[in-house]
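Chain naming here is simple, since letters A, B, ... match the order of the sequence lines and numbering starts at 1 in each. The model shown is predicted, which means the values in this text are computed figures rather than measured ones.
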2 protein chains.
Amino acid sequence: MSPSALPYRPHNHDACVAQALTEARSICQQHNARLTPTRERVLELIWQSHKPLGAYDILAVLAEDGHNAAPPTVYRALDFLQQYGLVHRIASLNAFIGCTHAGKSHSGMFLICRSCSNVLELTAPGVASAVNTAAAEESFRPDDVTIEVSGYCPGCTSDTPHD
Amino acid sequence: MSPSALPYRPHNHDACVAQALTEARSICQQHNARLTPTRERVLELIWQSHKPLGAYDILAVLAEDGHNAAPPTVYRALDFLQQYGLVHRIASLNAFIGCTHAGKSHSGMFLICRSCSNVLELTAPGVASAVNTAAAEESFRPDDVTIEVSGYCPGCTSDTPHD
DNA sequence: TTGCTAATGTTATAATGTTGCAAATTTCAC
DNA sequence: GTGAAATTTGCAACATTATAACATTAGCAA
Ligand SMILES: [Zn+2]
Ligand SMILES: [Zn+2]
Ligand SMILES: [Zn+2]
Ligand SMILES: [Zn+2]
């Protein structure tokens, strides 16, 4: 078994954020897309932890920033970031999380801890192929696959839930 | 390849509804749960087609019925029906669909057609086991699995989208 | 009856997400 | 550089989805 994944153990999270921002800049440059200050700030906020963040949570922080922002500001930034695969929306939570596989084409699977709220994004090729097989048997042509697993992470399966 | 699944071809849908209601009565009886008129009516409305229905759509029909209903009425009925596995919520649509495997314990996978909106619920044991394997590799204990696949159904892959 | 519990009614409000248009900024051809 | 075109942002209003809190009613049993 692999060692605990990042979200589940102490780590230098500033490095996570820095790397995410660096990659985002690079990806946007490749696509001639403009990672404007607002968009970058939203991405940074989403990466403030490995827990998903709601649009209105983001909005509240922007307000603290002194940024005079309304909901469309946030949703537009989120749309942009999703478009370039920099963040994912977790449908079962109405919240957003930074993509840990930005750039690489992937169909994510999300492990959502009910106790500590941390989310781990996996690539899970086995799952993707099983889904495609099942869909093919019904002659269904998949376009977008949502896989969200709620449960308990390694840290929270034991009796002492993590933060 | 199997022939087209029910939602994708003409069929006697009244039979779908009748069977769903019969099974629901039986399941509720087994659990000493009361399938009250409101709950039964909501279930019937959800089964009016193989397309998912929003809570406020249900509310509107109840109003036409002359039923003086407010949102909590609908959401409470939906909670009840979900609790006994009679309907599922489709997170990516904020909508509800009748369960086609009521009674049998199952972890569903939903094929959602972008064109005609019909939803097919599959059992897909291969997918379930792939998800469990992937989760186990991260020492994650799954509790609830959401798998929603948006795409195009057999009828809508061709150039003439179905209703 | 009486008293208990589950279910429903009612009002208000919270949380999430969108539309439409005007103003500002950036891009790019000239 | 200058000006038109396109992108991005500000802003106000609105739409949709879901819940909280508390009163009332229906079902059921002692
Ligand atoms: Zn990702
Ligand atoms: Zn946890
Ligand atoms: Zn049918
Ligand atoms: Zn279709």
Side-chain angles (χ1 to χ4, degrees), chain A residues 24-25 28-46 51-84 86-97 117 146 148, chain B residues 24-25 27-46 51-63 65-84 86-97 117 146 148:
Chain A
R25 288 187 198 107
C28 287
Q29 202 159 31
Q30 285 167 36
H31 292 78
N32 282 318
R34 295 170 49 204
L35 190 62
T36 62
T38 302
R39 290 165 174 172
E40 185 169 325
R41 178 68 175 136
V42 169
L43 181 59
E44 186 187 19
L45 288 175
I46 286 179
K51 308 179 203 290
L53 208 56
Y56 280 75
D57 296 329
I58 294 168
L59 189 59
V61 180
L62 289 183
E64 288 175 16
D65 280 3
H67 188 308
N68 192 356
T73 301
V74 171
Y75 283 103
R76 285 192 286 226
L78 289 170
D79 284 348
F80 173 90
L81 295 170
Q82 282 181 271
Q83 192 178 335
Y84 292 98
L86 302 173
V87 311
H88 295 290
R89 191 182 122 97
I90 309 291
S92 57
L93 299 177
N94 297 333
F96 301 83
I97 187 105
S117 301
T146 298
E148 300 174 7
Chain B
R25 288 186 198 107
I27 287 167
C28 287
Q29 203 159 31
Q30 284 167 36
H31 292 78
N32 283 317
R34 293 171 51 205
L35 189 61
T36 62
T38 302
R39 290 166 175 172
E40 186 169 324
R41 178 67 175 136
V42 169
L43 181 59
E44 186 186 20
L45 288 176
I46 285 179
K51 308 178 202 292
L53 206 58
Y56 280 75
D57 296 329
I58 294 167
L59 190 59
V61 180
L62 289 182
D65 281 4
H67 187 307
N68 191 357
T73 301
V74 171
Y75 282 102
R76 287 194 283 228
L78 289 170
D79 284 348
F80 173 89
L81 295 170
Q82 283 182 269
Q83 191 178 334
Y84 291 98
L86 302 173
V87 311
H88 294 290
R89 191 182 121 96
I90 308 291
S92 56
L93 298 177
N94 297 332
F96 301 82
I97 187 104
S117 301
T146 298
E148 299 174 8

Could you tell me how far apart I90(B) (CD1) and dT17(D) (C1') are, to the nearest whole angstrom? 16 Å
Given atom CD1 of I58(B) and atom P of dT8(C), what is their separation to the nearest angstrom? 14 Å
For DNA chain D, whose closest nucleotide is more 5', that of R34(B) or that of G54(B)? G54(B)
Please confirm whether H88(B) and F96(B) have ring centers closer than 6.0 angstrom. no
Spacing between L78(A) atom CG and dT18(C) atom P, to the nearest angstrom: 10 Å
Taking atom types as they are modelled, would you say the side chain of Y56(B) forms a donor-acceptor pair with the base of dA18(D) within the 3.5 Å cutoff? yes
R76(B) near the nucleic acid: base, sugar-phosphate alone, or nothing, with a heavy-atom cut-off under 4.0 Å? base
Round to the nearest Å and state the distance from Q83(B) atom CD to dA6(C) atom P. 12 Å
Minimum heavy-atom distance between I90(A) and P52(A), given as atom pair plus value: CG1-CB, 4.5 Å
Whole-Å distance between dT9(D) P and D79(A) CG? 12 Å
Tell me, with the steps shown, if E148(B) and L93(B) meet side-chain contact (heavy atoms from CB on, under 4.5 Å). CA-CA 10 Å; E148(B) 299 174 8; L93(B) 298 177; 5.8 Å; no
When you get a sec, tell me which of dT10(C), dT8(C), dG17(C) is the closest nucleotide to the side chain of A55(A)? dG17(C)
Of all the choices, dC11(D), dT19(D), dG10(D), which nucleotide is nearest to the side chain of N68(A) once you look at every atom? dC11(D)
Rounded to whole angstrom units, what separation is found between the OH atom of Y75(A) and the C1' atom of dG20(C)? 18 Å
Begin from the C-alpha positions of D65(A) and R41(A) and carry the test side-chain contact (heavy atoms from CB on, under 4.5 Å) through to its verdict. CA-CA 10 Å; D65(A) 280 3; R41(A) 178 68 175 136; 2.6 Å; yes
May I have the distance from R89(A) (atom CZ) to dT18(C) (atom P), rounded to whole angstrom? 8 Å
Using the closest heavy atom to pick a nucleotide of DNA chain C for each, name whichever of A70(B) or P37(B) lands nearer the 5' end. P37(B)
Over how many whole Å does the gap from H67(B) atom NE2 to dT25(D) atom C1' extend? 13 Å
Main chain of R34(A), side chain of R39(A): is a donor-acceptor contact present, judged purely on distance under 3.5 Å? yes
Looking at dG10(D), I'd like to know if its phosphate oxygens (OP1 or OP2) sit under 4.0 Å from a side-chain N or O belonging to T73(A). yes
So, OP1 or OP2 of dA7(C): does either fall under 4.0 Å of a side-chain N or O from T38(B)? no
